[in-house]
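The block underneath contains the structure these notes are about, expressed in structure tokens.
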Amino acid sequence: MTTLSPHQQLEQLRRGTVEIITESALLEKLEQGRPLRVKLGLDPTAPDIHIGNAVVLHKLRQFQDLGHEAILVIGDFTGLIGDPSGKSETRPALSPDEVQRNAATYRDQYSLILDPARTRVVFNSEWLRPLTFYDVIRLASRATVHRLLERDDFAKRFREHLPIHLHELLYPLCQAYDSVAIRADVELGGTDQKFNNLMGRELQRELGQDPQVVVLTPLLPGLDGVQKMSKSLGNAIGITEPAGAMYGKVMSLADSLMIPYFEYCTLVPLDEIRAMEQALRAGDLHPRDAKQRLANAITARYHGDAAARVAADEFTRVFRERELPASVPARVLSRDTLRSKGALDEPNWVRLEPLLVELGFAASNSDARRLIRQGGVGLQPPAHGDGGAEQPLRLPHDASRLISLGVLEDLGKGGFRVCVPDAGPGGPPPAERSGLLVRVGRRQIARVWLGA
RNA sequence: GGGGAGGUACCCAAGCGGCCAAAGGGGGCUGACUGUAGAUCAGCUGGCGGAAUGCCUUCGGAGGUUCGAAUCCUUCCCUCCCCA
């Protein structure tokens with residue numbers, strides 16, 4: 001256990017939370033001087049930790065560092081319902097095998113932030129599945145429809161005459177029962193879990209347990225600044241993403257998100273953050289510089305200082321100075337695949353649209369055509385010798401130059417084909433710059449060769 | 001159980017026999033500008049395609065009427081409202 005006094009622990013734990021229900025109850029628990037059981041409920045989906053859901057994990061880690069025990073409750077059974085808060089779909093029940101396999105996955109994934117020695121992973125099907133219908137009715141009798149309809153999303157749907165299925169109402173109850181089953185002292189969650197977590201408190205009290213303390217952490221807005229961060233919404237920064245990508249994503253953040261991100265995703269002291277906020281408002285601090293510091297802090301947290309510095313340099317070089325990245329992903333495309341799509345005209349001449357599709361830079365040939373027409377596609381011919389850092393030439397604007405360089409052929413009506421060099425037998429492509437550089441927009445870039 | 005209103009592209013939402021691949025808005029994408037931000041402006045936004053007054057697929061599902069259907073008919077599925 002920690003040597004910190006209960007008050008000091010509380011002080012630490014308070015930081016970065018939105019609400020603790022109640023602080024006095026937490027203090028009482030801390031004063032008992034025993035390791036508390038701290039619960040965190042998780043979706044049964046494959047874990048995809050991003051800096052958004054990392055917020056609550058770091059909080060949990062803090063509990064662990066103070067000597068408490070983390071219990072990850074995987075909602076494999078509640079997954080049958082799907083948390084009604086989202087436009088969730090129900091998921092098929094997991095087989096015992098899958099459960100076992102997943103348990104390992106969760107432990108691995110969460111070990112990136114949590115202390116494995118103080119983490120227990122449990123699945124709620126363990127206690128929810130055995131309940132009989134009788135049990136369920138008894139359980140359901142503990143809650144009223146009115147109480148359940150207080151939940152924002154239920155209330156909203158009710159108001160708007162959108163369907164609310166009966167079993168959805170059971171979700172908060174199931175989750176509450178989890179707390180009973182593991183005799184949770186504390187339940188952690190994002191603010192969107194407030195209702196569910198409070199339900200746990202109520203149910204525990206009903207059933208004669210000391211009610212859990214609810215600790216709510218903020219929901220981190222996603223990169224779009226509108227919705228909460230979520231992988232499926234494509235607005236997330238994954239904690240295992242490469243440093244460069246992480247840094248870049250932070251830099252493209254809306255200005256209005258900087259301060260919240262500083263607060264929730266970094267360890268920068270609060271008073272420094274306040275100072276920055278002031279300076280920004282006063283115009284003494286360029287937002288770009290503040291954002292660079294943010295990008296640095298976040299990247300360093302997951303990749304270390306050195307990697308963060310490299311990412312920063314690379315960023316400056318590519319986006320400020322508009323040079324090519326230090327390393328461009330190499331892609332060797334299969335002749336067979338291209339041929340089967342009718343994209344390969346002669347041994348090395350490939351139609352541009354299917355090429356972009358093949359690279360994943362365009363969704364369809366039509367999409368590719370649109371990109372080309374709108375000047376979104378850039379090509380840079382392979383360098384013979386050292387050609388210096390030439391910029392990719394834009395299509396269709398620079399078509400004539402590319403044609404004179406012998407890498408492009410105009411098929412008329414906006415159609416093009418390009419000359420893609422050979423990758424050579426087997427192995428990786430030869431000299432780095434011998435490939436055709438293809439770029440769409442700023443981010444999508446690859447050096448391309450043709451293979452078998 | 002009775003009565004009524006609905007289900008249109010990623011979302012909202014017009015259309016109610018041909019000029020509908022389907023108005024408008026949102027979102028997304030590309031370009032200009034810039035700090036890879038925001039705001040603004042321009043273009044694009046089903047697939048195929050050597051940019052066709054071209055072909056294919058799409059308006060809850062399945063059939064049907066018609067030269068022709070998102071639009072009319074039959075039937076099935078789903079949602080909401082009012083009454084019980």
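Throughout, a chain's letter reflects where its sequence line sits, starting with A, and its residues are numbered from 1. Given the structure is predicted, the values throughout are model-derived calculations rather than measurements.
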Find out whether A:Y247 and A:N296 are in side-chain contact, i.e. whether some heavy atom of one side chain is under 4.5 Å from a heavy atom of the other. yes
Within a strict 4.5 Å, meaning less than it, do heavy atoms of the A:F63 and A:L188 side chains meet? yes
[X]/[Y] ion pair, N-O < 4.0 Å:
X      : Y      : result
A:E168 : A:R151 : no
A:D336 : A:R339 : yes
A:D367 : A:R370 : yes
A:R417 : A:E346 : yes
A:R309 : A:D305 : no

Students often get this wrong, so: under 4.0 angstrom with heavy atoms, is A:N365 touching a base, only sugar-phosphate, or nothing? sugar-phosphate
Can you pull every protein N or O that's under 3.5 Å from an N or O on nucleotides 29-32 of chain B?
from: B:U30; atom 1: O2'; to: A:Q374; atom 2: O; distance (Å): 3.0

Would you please confirm or rule out a distance under 4.0 Å between OP1 or OP2 of [N] and any side-chain N or O of [X]?
X      : N     : result
A:R417 : B:G50 : no
A:S252 : B:A37 : no
A:S364 : B:C48 : yes

Just by distance, no angles: are the side chains of A:E187 and A:Q193 close enough, under 3.5 Å, to form a donor-acceptor pair? no
With rounding to the closest Å, how many angstrom separate the [atom1] atoms on [N] and [M]?
N     : M     : atom1 : answer
B:U53 : B:A22 : P     : 12 Å
B:G2  : B:C10 : P     : 37 Å
B:A21 : B:G68 : P     : 16 Å
B:G63 : B:C77 : C1'   : 14 Å
B:U58 : B:A70 : C1'   : 10 Å
B:C59 : B:C72 : C1'   : 16 Å
B:A62 : B:C67 : C1'   : 24 Å
B:G4  : B:C73 : P     : 15 Å

Take the protein atom [atom1] of [X] and the nucleotide atom [atom2] of [N], then report the distance between them rounded to whole Å.
X      : N     : atom1 : atom2 : result
A:M251 : B:G35 : CE    : C1'   : 7 Å
A:F416 : B:G50 : CZ    : C1'   : 11 Å
A:H286 : B:U34 : NE2   : P     : 13 Å
A:D224 : B:G28 : CG    : P     : 8 Å
A:I372 : B:G50 : CD1   : P     : 12 Å
A:R281 : B:G38 : CZ    : P     : 21 Å

Polar side-chain atom of A:D76 near backbone of A:S125 as donor-acceptor pair, under 3.5 Å: yes
Tell me, which of residues 287-295 of chain A have any heavy atom that sits under 4.0 Å from an atom in RNA chain B? A:P287, A:R288, A:K291
Does NE2 in A:H286 sit with more than 12 non-hydrogen atoms of other residues, nucleotides or ligands closer than 6.0 Å? yes
Surrounding CZ of A:R138 (heavy atoms of other residues, nucleotides or ligands, distance under 6.0 Å), is the total greater than 12? no
Base-pairing assignment for [N] (Watson-Crick or G-U wobble, both under 3.5 Å):
N     : result
B:G54 : B:C48
B:C72 : B:G64
B:G31 : B:C41
B:G1  : B:C83
B:C20 : none
B:C10 : B:G26

Locate the shortest heavy-atom distance separating A:Y264 from A:V55; write the atom from each residue and the value. O-CG2, 3.7 Å
Any idea how A:Y302 and A:H58 line up, ring-wise: parallel (<30°), tilted (30 to 60°), or perpendicular (>60°)? tilted
On RNA chain B, compare the nucleotides closest to A:D255 and A:A363; which residue's is nearer the 5' end? A:D255
Position toward the 5' end of RNA chain B (nearest nucleotide), A:Y247 or A:K341: A:Y247
Protein-nucleic acid N or O pairs under 3.5 Å, nucleotides 81-84 of chain B:
from: B:C81; atom 1: OP1; to: A:H161; atom 2: ND1; distance (Å): 3.1

